[in-house]
Amino acid sequence: MTNAIAVAVSGGQDSLLALSLMQEQGYDVHALHAFFLPPSERLRRTAAKLEDSCRALSVPLHVTDLSEEFERLVVAPFVDDYAKGGTPNPCALCNRQMKFGLLLDAARRHGAERIATGHYARISEHPEFGKTLLCGEDRSKDQSYFLALVPRNALAHAVFPLARWCKKDVMAELAARRLPPPLPSESQEVCFIPDDDYKTFLVRRNVRLGGPGPVILPDGTPLGNHQGLWRYTLGQRRGLGIAWKYPLYVIRKDLKNNTLIVGTDQEMRRSTCRVEELNILVPPAHWPKKVHVKTRYRQHPSPATVELRGTAPTQDMKIRFEHPEFPPTPGQVAALYTEDGMVLAGGRIEE
RNA sequence: UGGGGUGUGGCCAAGCUGGUAAGGCAGCGGAUUUUGGUUCCGCCAUUCGAGGGUUCAAAUCCUUCCACCCCAG
């Protein structure tokens with residue numbers, strides 16, 4: 001058994017500290033950096049800086065171009081989902097397909113059985129069923145939600161050096177270690193959408209997106225027009241452009257009639273949802289009766305009960321929340337937790 | 001052209017015993033943030049349909065006109 005480990009480095013602070021921490025712990029460290037977008041001048045510059053950082057640490061850096069795969073496995077499904085009226089979660093997909101898929105494969109090619117990343121989440125060894133995924137120590141920064149679609153056999157090879165770190169301590173620690181991150185503070189560059197403008201991005205992709213249509217209240221009262229259902233997501237408030245007595249939220253997208261149904265905060269809330277493409281991380285036999293579910297990032301897990309239906313490939317589950325929730329949105333991830341933050345399963349919200 | 005009502009920012013709407021324009025919605029900006037969304041904070045009428053008058057002072061009182069709405073034999 002070797003103690004070789006690959007560390008996925010993006011150029012940001014978190015992964016750089018992860019790299020340094022792993023090395024400090026005596027691992028035989030390899031740094032992996034991948035281009036998820038076609039290598040531009042800017043990306044090459046980041047890679048060059050990373051090279052400097054790695055040289056300073058005497059760690060070998062392997063750079064690969066995974067832009068074609070990223071396009072196929074993350075971007076294309078993202079665009080496709082929007083075109084179909086869904087609200088995709090590309091980060092969750094990226095973790096499953098890229099970081100704990102292709103990058104893990106790359107790690108193995110370099111002789112490492114494990115891969116470390118800068119995620120704020122924990123992996124622990126459970127006496128009965130092995131490796132489990134836990135939320136990060138710093139719950140406000142916890143990223144386990146985005147990892148809920150990563151298969152168990154991949155997570156078994158994951159290491160999260162920042163598990164017990166707080167975001168605010170990372171920068172100070174890097175400074176103390178004299179490790180300037182190639183990409184300074186926030187790194188919007190990780191995202192494949194320029195300027196956070198996904199609408200323009202989608203329009204430029206030249207896919208077939210729906211056009212304008214009516215906006216109505218649940219009772220059918222017409223209020224105005226929308227600019228294409230793909231531009232809205234369940235629970236959305238801003239951007240409707242309709243002045244009403246009370247704030248209006250998107251409560252339903254009627255794709256068949258190209259109609260947007262809006263209503264009050266109360267009318268918007270749901271207490272059930274159906275989840276497919278399950279990624280079971282803990283055997284259901286060990287699940288508590290009451291679980292806690294996140295259907296969006298930055299949401300406190302909500303108490304709920306779960307009903308598993310069907311078997312393996314086509315298995316799905318029905319979730320019933322104790323209290324009405326902001327509407328679970330098709331395309332987003334539902335992550336099931338125990339009360340103390342162990343991830344039981346993840347899946348794709350269908351309705 | 002008989003009677004009644006209304007006219008305040010993009011929308012809705014307080015204010016109308018005169019004292020120098022609430023609030024909500026929408027919008028814009030920012031904060032938060034590995035997705036979308038949510039939430040939070042900030043900014044948004046020198047002006048109250050128009051003109052004239054009374055007054056130290058009017059969206060608020062008087063008057064004329066204009067617009068729209070309702071009832072009407």
Checklist entry - Using a distance-only test with no angle check, is there a side-chain donor-acceptor pair under 3.5 angstrom linking A:Thr132 and A:Ser124? => result yes
Checklist entry - So what does A:Gln299 hit on the nucleic acid, given a heavy-atom distance under 4.0 Å: a base, only sugar-phosphate, or nothing? => result nothing
Next on the checklist: What I want to check is whether the side chains of A:Asn95 and A:His119 have a donor and an acceptor closer together than 3.5 Å.
Outcome noted: yes
Next on the checklist: With a 4.0 Å cutoff (strictly under), does any side-chain N or O of A:Arg237 reach OP1 or OP2 of B:C25?
Outcome noted: yes
Checklist entry - To the nearest angstrom, how far is A:Gln266 atom CD from B:U38 atom P? => result 17 Å
Checklist outcome for this item: Rounded to whole Å, CZ of A:Phe146 lies from P of B:U33 at a distance of 12 Å
Checklist entry - Which comes earlier along RNA chain B counting from the 5' end, the contact point of A:Pro328 or that of A:Ile242, where each point is its nearest nucleotide? => result A:Ile242
Item to check | Counterpart residues, side-chain contact (heavy atoms from CB on, under 4.5 Å), relative to A:Ala112 (two or more places apart) | outcome: A:Ala4, A:Ala6, A:Ala107
Checklist outcome for this item: Scanning both residues in full, the closest heavy-atom pair of A:Leu21 with A:Pro161 reads CD1-O, 3.9 Å
Checklist entry - Taking the same atom, P, in B:C28 and in B:U38, what whole-Å distance lies between them? => result 12 Å
Next on the checklist: As a check on the pairing definition, encode RNA chain B in dot-bracket form, counting Watson-Crick and G-U wobble pairs whose two distances are under 3.5 Å, and using | for partners outside this strand.
Outcome noted: .(((((((.[[[..)...(...]]].(((((.......))))).....[[[[[..)....]]]]]))))))..
Item to check | Length of the CZ-P vector between A:Arg296 and B:U33, whole Å | outcome: 18 Å
Item to check | Protein-nucleotide distance (A:Arg139, atom CZ; B:U32, atom P), rounded to Å | outcome: 23 Å
Checklist entry - Looking for any heavy atom pair under 4.0 Å, which part of the strands does A:Tyr120 touch: base, sugar-phosphate only, or nothing? => result nothing
Next on the checklist: Please classify the nucleic acid contact of A:Gln236 as base, sugar-phosphate, or nothing, using heavy-atom distances under 4.0 Å.
Outcome noted: sugar-phosphate
Checklist outcome for this item: Sorted by position of nearest nucleotide on RNA chain B, 5' first, the leading residue of A:Gly235 and A:Asn95 is A:Asn95
Next on the checklist: Under a 4.0 Å threshold between the charged nitrogen and the carboxylate oxygen, would A:Glu339 count as salt-bridged to A:Lys290?
Outcome noted: no
Item to check | Inter-nucleotide C1' distance (B:U8, B:A45), Å rounded | outcome: 9 Å
Checklist entry - Among the nucleotides B:U35, B:A26, B:C28, which one has an atom lying closest to any side-chain atom of A:Tyr297? => result B:U35
Checklist entry - Which is true for A:Gly118 with a 4.0 Å heavy-atom rule: it touches a base, it touches only sugar-phosphate, or it touches nothing? => result nothing
Item to check | A:His33-A:His62 side chain donor-acceptor pair, cut-off 3.5 Å | outcome: no
Checklist entry - Is any side-chain N or O of A:Tyr249 closer than 4.0 Å to OP1 or OP2 of B:U39? => result yes
Next on the checklist: In whole Å, measure the gap between the P atoms of B:C66 and B:A50 for me.
Outcome noted: 15 Å
Item to check | Presence of salt bridge, A:Arg348 and A:Asp81, under 4.0 angstrom | outcome: yes
Next on the checklist: I'd like to know if the side chain of A:Ser53 and the backbone of A:Lys49 have a donor-acceptor N/O pair within less than 3.5 Å.
Outcome noted: yes
Checklist entry - When the distance from CG of A:Leu240 to C1' of B:U38 is rounded to whole Å, what number comes out? => result 13 Å
Next on the checklist: Looking only at the side chain of A:Pro90 (C-beta and beyond, no hydrogens), which of the listed nucleotides B:G37, B:G36, B:U35 gets closest?
Outcome noted: B:U35
Item to check | B:G36 base / A:Thr329 side chain donor-acceptor hit below 3.5 Å | outcome: yes
Item to check | Span that lies between the C1' atom of B:G19 and that of B:U47, in whole angstrom | outcome: 16 Å
Checklist entry - With respect to the phosphate group of B:U39, does any side-chain polar atom (N or O) of A:Arg238 fall under 4.0 Å of OP1 or OP2? => result no
Next on the checklist: Please give the distance between the C1' atoms of B:U17 and B:A31 as a whole number of Å.
Outcome noted: 46 Å
Next on the checklist: Can you check the distance between B:C70 and B:G52, where both ends of the measurement are the C1' atom (answer in whole Å)?
Outcome noted: 30 Å
Item to check | Whole-Å C1' distance, B:U33 and B:G23 | outcome: 31 Å
Checklist entry - Between B:U33 atom P and A:Gln13 atom CD, what is the distance in whole Å? => result 12 Å
Checklist entry - Rounded to the nearest Å, what distance is computed from the CZ atom of residue A:Arg298 to the P atom of nucleotide B:U32? => result 11 Å
Checklist entry - To the nearest angstrom, how far is A:Leu248 atom CG from B:C12 atom P? => result 15 Å
Next on the checklist: Measuring only the P atom in each nucleotide, how far is B:C44 from B:U55? A whole number of Å is fine.
Outcome noted: 36 Å
Checklist outcome for this item: From the list A:Tyr198, A:Phe201, A:Tyr232, ring-ring contact (aromatic ring centres under 6.0 Å, His included) partner of A:Tyr82 resolves to A:Tyr198
